[in-house]
Amino acid sequence: MWQALWTQIADLTLIVVLLRLMTPILLSALGGLISDIAGVINIGLEGLMLLSAFTSIAVGAATDSWVIGTIAGVAASVAMCYVMGFFSIKLKVDIIIAGFAVNIFGSGFTVFLMSKIYGLTGNYSPENLNPIPNVVIPGIQDIPVLGKLLSGHNLMVWISLIAVVFCFVLLYRTPYGVHLRSVGEAPAAAKSLGIPVGRVQYSALAWSGVFSGLAGAYMSMGMTSMFVKDMTAGTGFLALAVVLLGNRNPVGIFFGSLIFGLASAVTTIVQTTPGSQVPSQFIQMIPYVVTIVALVIFAVRKKRKLLTQAS
Amino acid sequence: MKTEKAIYLELAGIAFAIVIALLCGFAVILATSAEPFTALSSLIVDPVSNLFNIGTILNKAVPLIFTGLSLAVVFQSGVFSMGAEGQLYAGGFLGALVAVNIHGLPAWIHFPLILVCAMAGGALFAGIAGWLKAYWNANEVVTTLMLNFVAILATSYFVNNVFKDPASGGYARMPYISPDLLLKKPIPGFPAHTGFVLALLAVVVVYLLLYKTKVGYELRLVGKNSRFADYGGIHTNRVIISSIMIGGALAGLAGIVEILGVHGTYKDNFSAGLGFDGIIIALLARNHPVGVLIAALFYAYIQVGAQTMQVGSDMPREVAVIIQVMLVLLVSSQAIFAFLKQKYATRQKAVK
Amino acid sequence: MTILLEMKDIHKVYPNGTAANRGVDLTVYEGEIHALVGENGAGKSTLMKILFGLEAPTSGTIEYKGKPVSFKGPKDAIEQGMGMVHQHFMLAPSLSVSENIVLGEEPKKGPLSMFRDRATERRGIVKLIETYGLKVDPDARVETIPVGQKQRVEILKVLYRGARLIILDEPTAVLTPQETDELFASIKALVGQGYTIIFITHKLREVMEISNRVTVIKAGKTIATLNTKETNPEQISRLMVGREVLFRVEKQPAEPKEPVLSIRDLHSVDDKGAPALRGISLDIRAGEVVGIAGVEGNGQTELVEAITGLRRATSGSIRYLDKELVGKSVANIRAMKIGHVPEDRQTTGASLTSTIAENLILDHYRNPEFKRGPFLNKKKIKQFAKVMMEIFDVRAQNEEVLAGSLSGGNLQKVVIARELSKNPKLLIASQPTRGVDIGAIEFIHREIIKRRDGGAAVLLVSAELSEVMALSDRIAVIYEGEIVAVLDNTPELTEENIGYYMLGLGKKHREKEGAAQ
Amino acid sequence: KANNNTSPAPGGSANAPAGKKINAVFYVNGTLGDKGFFDSAQRGMVKAGKELGINVKSVEGGTNQADWAAGLESLVSSKKYDVVVVGTSQMIDIVKDIAARYPDEKFIFFDDVIEGMPNVYSMLYSQSEGSFLAGAFAALVTENTELKAANPDKVIGFVGGMDIPIINDFKAGYEQGAHYIDPGVKVVASYIGDFANAPKGKELALSQFNTQKADIVYQVAGGAGLGALEASKNVGKYSIGVDGNQNPLYPGNVLTSMAKNIDASVVRALGLYQQGTLAFGTNEVLGLKEGGIGLSKDDLYAKYVPKSIQDKMTDIENKLASGEIQVKSILK
Ligand SMILES: Nc1ncnc2c1ncn2[C@@H]1O[C@H](COP(=O)(O)OP(=O)(O)OP(=O)(O)O)[C@@H](O)[C@H]1O
Ligand SMILES: Nc1ncnc2c1ncn2[C@@H]1O[C@H](COP(=O)(O)OP(=O)(O)OP(=O)(O)O)[C@@H](O)[C@H]1O
Ligand SMILES: [Mg+2]
Ligand SMILES: [Mg+2]
């Protein structure tokens with residue numbers, strides 16, 4: 001087991017797997033981040049991803065274009081967010097209830113659509129889908145280490161990394177970002193300066209729709225080429241955990257996703273290594289336990305930092 | 001006198017919300033069904049049209065009441081735990097172990113022992129998250145979400161490997177619990193089991209605990225203003241841990257009551273999200289125990305309605321679920337209540 | 001003088017049914033400082049929120065610059081040149097000072113003006129700060145700066161938006177006298193430049209000092225508008241409260257007895273871990289009031305917290321009667337008949353979302369007297385709360401009302417009632433009258449003296465030097481975590497005398513080795 | 001080996017009311033599309049509706065096990081349906097209880113055995129037998145030299161939904177089949193943890209292919225397992241589908257599928273019921289011989305599977321059918 005792990009670290013397979021696994025979590029966590037920062041934490045990431053995963057592959061297959069498919073998936077997810085905003089901001093439904101509702105809806109509605117459109121119930125895998133491409137960098141591709149490190153990843157992997165930078169700039173370098181932060185932290189203050197609190201919150205939800213839409217599209221058209229009922233299988237909740245683990249900022253979230261992705265990648269390797277005596281359930285626990293440990297280490301370090309600053 | 005009016009207003013608000021919700025649901029039904037009236041009546045009337053369905057509603061409400069109470073307690077102390085699901089497994093598992101593996105005790109000792117062990121299992125498991133929060137400052141949302149996975153996977157391992165009934169076939173379960181330990185169905189032809197009585201009892205106990213005891217006072221105070229509680233000499237950390245553990249005990253009860261009332265033994269993966277439904281119940285109830293009772297019955301009612309609608313009409317499961325979601329959303333709309341209150345207040349003013 | 005603003009017959013009913021304004025008239029001239037006074041809960045803030053577009057009036061008209069206006073939101077008011085400094089800070093704590101100031105009107109750059117122009121922003125703010133002499137660090141996060149500076153940020157926010165009519169809702173409630181003086185200087189400068197100011201305060205001294213005219217509101221109605229020069233504090237307070245208010249605290253000379261509290265060489269650190277108390281030694285005896293004077297931030301807060309167990313002492317001792325307090329838990333300390341009125345009633349002194357009764361029993365719920373078997377004795381608690389509300393004149397419908405819906409003065413009375421209800425042998429009162437109306441101030445002062453005369457030891461901490469001088473028998477001056485002087489409060493003692501020590505210019509130790517007379 | 005070990009139903013009473021259109025309902029103890037065999041049964045219902053001219057309806061009970069007893073009973077007690085189709089071992093106790101209390105209602109039970117109930121007919125598919133075939137097939141593939149993507153390493157993969165007995169029964173059969181061909185074949189088994197997470201199914205299969213040198217993977221993970229099939233296509237290796245014929249999903253990569261022919265058996269049972277000859281009170285184990293299970297041998301199979309393997313498989317199938325090879329199920 002250790003040897004298998006080591007060889008895969010050495011030949012960079014681990015990194016490749018890590019990047020693949022981390023992308024959907026990173027993207028939807030960024031979505032969760034923006035809504036959380038604006039004080040409308042979005043528990044519905046899971047439902048949004050499902051909605052987008054289905055819409056994007058359906059449209060992508062029909063138009064034979066992953067671009068249009070992805071755009072459609074994102075649009076569906078954003079539209080859902082506006083509905084969620086209507087209920088939570090306008091009708092003052094508790095944002096958590098609204099989020100759970102979106103999850104239930106996303107799971108049910110995608111199956112409903114699938115059966116209405118294709119007469120299928122469980123899964124949909126279009127025959128010649130044109131999926132989100134992998135980016136092969138011509139020059140670098142053949143260089144031993146660098147090639148594997150940089151070339152051949154899915155486009156969405158790069159988009160997710162760019163999204164981290166994008167969110168950072170959005171939150172800290174644009175006026176809108178300051179509005180988002182103020183609305184989440186001190187809505188009365190923002191309101192007193194004429195910032196339309198409701199509208200900013202709508203837009204924050206919409207952003208979470210954009211990112212979970214991208215995550216969903218990646219799951220059905222990048223990681224796989226199919227839609228399977230409930231295929232997100234809890235990714236949205238993990239993303240939520242990553243938002244908090246990452247201390248509510250884009251860079252932290254990047255590292256949070258990295259930790260989680262790494263734990264998942266290691267789990268994959270351990271799970272496929274023959275002769276492991278550890279029961280599968282305990283291996284599957286690894287990412288969750290690692291997350292808790294990371295959280296505790298993080299909290300302790302924060303505390304210690306405060307103390308060392310003092311003396 | 002004033003509170004009485006407030007209650008009437010609240011009730012009026014609920015009625016109003018339900019009417020709107022039904023109108024919306026009706027619109028969806030009209031759009032998707034060839035037999036809208038049958039569909040509507042099978043959604044609204046069927047669940048209460050016979051004893052069987054009413055009993056089913058009660059049975060469904062029972063675990064929701066427990067998980068709802070569990071989360072109401074935790075939320076009242078200002079902790080946003082999502083961990084009822086895992087605690088339910090942990091508690092149910094321990095309770096079932098005691099039920100299955102201890103023999104020869106008279107039922108009147110054995111049964112309470114099972115409940116106590118289930119509560120202990122839930123509470124101890126919840127205690128991990130409480131301890132992490134209180135002493136390591138680890139965000140409870142993250143820890144409880146992660147610990148849910150840990151509990152589900154660990155119990156799954158044990159029931160599949162260590163405590164499996166060899167006769168359980170394709171899906172692992174423990175050996176069946178002796179019938180005299182199970183919750184009875186006292187009324188012939190009425191499927192409700194006595195777990196509902198336990199749930200009512202729990203509502204009363206939690207109500208008393210929260211609003212009439214020292215512990216409840218401290219717990220709510222910490223939730224409302226922990227700095228004030230600190231200033232008043234309350235050990236906030238201890239209170240937080242105990243509230244999470246009380247919540248865990250209630251979640252454990254949810255698990256064991258479901259096992260003793262419905263499943264007859266511990267089955268792998270038996271909960272299917274009861275702990276998460278509890279979050280919705282607690283929020284709908286604004287964390288009040290009596291509200292939890294009402295919200296759980298309402299939630300169970302519309303869940304059974306979704307099922308009877310599927311049986312009694314041409315509506316597919318998914319549409320039924322969507323209508324169910326709409327009902328929940330509209331009934332929890334604060335804006336509708338505020339609107340009514342304002343109307344009322346301005347009218348009062350005008351009268352003066 | 002031209003009329004800038006005219007509000008006529010304003011009514012406001014809040015959604016919960018509270019009638020906060022029931023016919024208020026207010027006329028403000030261009031270029032004046034117009035003071036608005038009234039008891040807690042009279043409806044001042046509500047009126048200003050209506051003016052600023054934050055609340056919609058139930059009825060009434062507003063004319064501004066001769067034209068009727070109706071603002072849909074603060075944005076409209078800001079566009080019309082109004083600015084408001086709110087009673088409670090309206091700041092986002094994790095944002096920087098400059099981010100807070102420019103919020104909503106950020107300088108922009110880049111394609112489609114997408115990005116913040118932080119250079120311009122900084123320059124603008126530095127200039128603003130210089131122009132008005134309101135010193136703050138533009139890059140500091142708001143949560144890290146002291147209250148005085150926060151107030152400056154609030155004013156800078158208003159100035160940044162180029163407001164000509166500035167509403168200041170109790171800006172001095174949390175300021176030290178020095179800060180107040182600085183603020184007044186700025187306000188006067190602003191008026192000199194043609195700005196108009198509406199100024200809400202409970203301190204009539206400030207009204208007299210700075211305003212041109214004053215409007216008195218009582219129970220949601222305008223009682224009178226007077227020229228400041230033609231009136232006096234007595235008249236204003238009579239209009240406000242409806243009776244005579246004594247500005248002097250009536251008290252007999254103290255008859256101090258045995259020491260109740262002896263602090264020796266006490267050290268402690270602040271929240272960031274920096275030393276805050278550096279060897280405090282102080283005695284307080286039964287039957288005397290010892291006032292702590294000092295510029296805020298010199299260790300007052302930490303001293304009070306150390307005594308009450310909320311903060312760990314790094315060394316030294318605090319003896320209370322015969323017991324050592326250092327190392328004891330808050331619960332233990334509170335159980336020893338030590339009352340503590342904390343400086344911030346909103347966050348520490350009360351739970352706003354709990355009922356008055358729940359706030360009142362904070363010490364008593366553990367008491368067997370208030371229990372019945374395993375349960376709290378609801379009837380007893382209710383009765384107790386009723387009695388307390390009666391004695392301390394807490395004005396609310398009943399004891400089930402949420403503390404958060406009380407006005408500042410009434411909330412403070414609840415806190416005082418709770419802390420005095422345990423018959424403390426030692427009462428620690430921090431800013432006991434902050435933001436409280438004159439009627440309530442009179443009442444609270446009288447209660448404190450009553451306790452002293454009953455044999456309690458009182459430690460008073462107040463940013464209000466006049467309050468310290470009015471109540472204390474001895475005054476300990478704190479500077480950078482040390483007691484630099486302990487002065488007897490004789491009639492000869494002046495504010496200047498104390499100020500000398502407060503600024504750290506001299507030391508006068510009397511209690512170093514327990515040599516308290 | 002149809003072991004009609006229970007005495008025949010008393011008087012064959014169990015039959016359709018003549019002249020009236022039959023109402024049949026399928027109670028899904030889960031949701032459709034969750035695991036392949038519900039869909040397969042559902043296909044059977046639809047087909048029966050069309051071909052036999054009976055009224056069919058499906059009701060999904062949802063994934064909460066606690067709902068199933070009440071859900072099924074509400075169908076039965078409504079008296080709207082002549083016959084109820086229901087399956088999986090999770091429903092055995094519930095069906096037994098309800099069948100006893102509603103002796104006039106008829107039940108067709110699939111995927112496990114219910115004995116001793118005069119109004120229940122049950123059909124069990126020998127999944128271990130089918131998986132034995134899959135295992136033998138995989139072992140033949142990994143050692144094959146004609147198939148381009150087969151490597152010399154004797155490693156085959158198994159991707160399961162969850163580490164639970166029903167899935168492990170597939171795994172046990174698979175291992176027996178592989179070792180029947182060559183005891184030296186190594187079986188790498190991984191579990192996804194649910195039946196929905198297709199990306200994870202894919203990731204596990206990829207890892208088995210890429211780093212464990214497996215060249216063929218057998219998926220038993222419902223929807224999640226489709227990811228494993230896709231992985232075989234992405235890396236140009238092979239896979240074996242499950243539950244129905246999944247060969248057309250990735251032709252040339254999904255070489256065959258272990259199909260449980262629930263649909264056909266449901267149609268058959270309903271047809272017999274319509275004719276009045278379904279033997280309630282009995283049960284049948286539908287193995288290879290009875291057509292209950294088997295490898296999908298369609299055109300794609302003929303096209304992509306080397307002749308040598310095809311022949312060998314036919315040989316093994318014969319031995320299984322004749323009872324020469326006995327497969328041990330871990331469930332019995
Ligand atoms: N948002 C609100 N909803 C309901 N009632 C409110 C609200 N805000 C204020 N009130 C009530 O309206 C009345 C007037 O409040 P207001 O804040 O205007 O008083 P104030 O004169 O500013 O008092 P203070 O001097 O204490 O600041 C009070 O009784 C208060 O409790
Ligand atoms: N919805 C509400 N219902 C009841 N009261 C409210 C509501 N919203 C706000 N209030 C409270 O009403 C109070 C207004 O009264 P007031 O201004 O007299 O008190 P305050 O702001 O605490 O005064 P002070 O600054 O003098 O302490 C505020 O404290 C506010 O918290
Ligand atoms: Mg005010
Ligand atoms: Mg090979």
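Here is the naming used below: chain letters follow the sequence lines, and residue numbers restart at 1 for every chain.
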Asks: Find the distance between NZ (A/Lys229) and CZ (D/Phe195) and round it off to the nearest 0.5 Å.
Replies: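 It is 14.0 Å, given to the nearest 0.5 Å.
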
Asks: Between A/Pro24, A/Gly222, A/Ala233, A/Ser220, which has the largest tally of heavy atom pairs under 4.5 Å with chain D?
Replies: A/Ala233

Asks: Tell me, out of D/Gln42, D/Met162, D/Glu230, who's got the most heavy-atom pairs with chain A below 4.5 Å.
Replies: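 Option with the top pair count is D/Glu230.
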
Asks: Give, for atom OG of A/Ser125 and atom CG of D/Leu226, the distance between the pair rounded to the nearest 0.5 Å.
Replies: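 CG of D/Leu226 is found 6.0 Å from OG of A/Ser125.
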
Asks: What part of A/Leu120 lies closer than 4.5 angstrom to a heavy atom of chain D: side chain, backbone, both or neither?
Replies: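 Looking at A/Leu120, nothing touches chain D.
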
Asks: Quick one: CG on D/Leu229 to CE on A/Met226, what's the gap to the nearest 0.5 Å?
Replies: 7.0 Å

Asks: Which residue out of D/Ala189, D/Pro248, D/Ser190, D/Ala231 racks up the most heavy-atom pairs below 4.5 Å with chain A?
Replies: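 With the most close heavy-atom pairs to chain A, the winner is D/Ser190.
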
Asks: Taking A/Ser225, A/Gly234, A/Pro279, A/Ser264 one by one, which has the highest count of heavy-atom pairs under 4.5 Å against chain D?
Replies: A/Ser225

Asks: Select one option (side chain, backbone, both, neither) describing which atoms of A/Gln284 are under 4.5 Å from chain D's heavy atoms.
Replies: side chain

Asks: Under 4.5 Å, heavy atom to heavy atom, which residues of residues 101-116 of chain A contact chain D?
Replies: none

Asks: Go through A/Thr272, A/Thr267, A/Thr232 and name the one with the most non-hydrogen pairs under 4.5 angstrom from chain D.
Replies: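 Highest number of pairs under 4.5 Å: A/Thr272.
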
Asks: More than 12 heavy atoms of other residues, nucleotides or ligands under 6.0 Å from NZ of D/Lys57: is that the case?
Replies: yes

Asks: Can you name the residues of residues 196-208 of chain D that have some heavy atom under 4.5 Å away from a heavy atom in chain A?
Replies: D/Ala196, D/Asn197, D/Ala198, D/Pro199, D/Lys200, D/Lys202, D/Glu203, D/Leu204, D/Leu206, D/Ser207, D/Gln208

Asks: Quick one: does A/Ile269's side chain get under 4.5 Å of D/Thr211's, heavy atoms only?
Replies: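 Side chain of A/Ile269 against side chain of D/Thr211, heavy atoms only: no contact under 4.5 Å found.
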
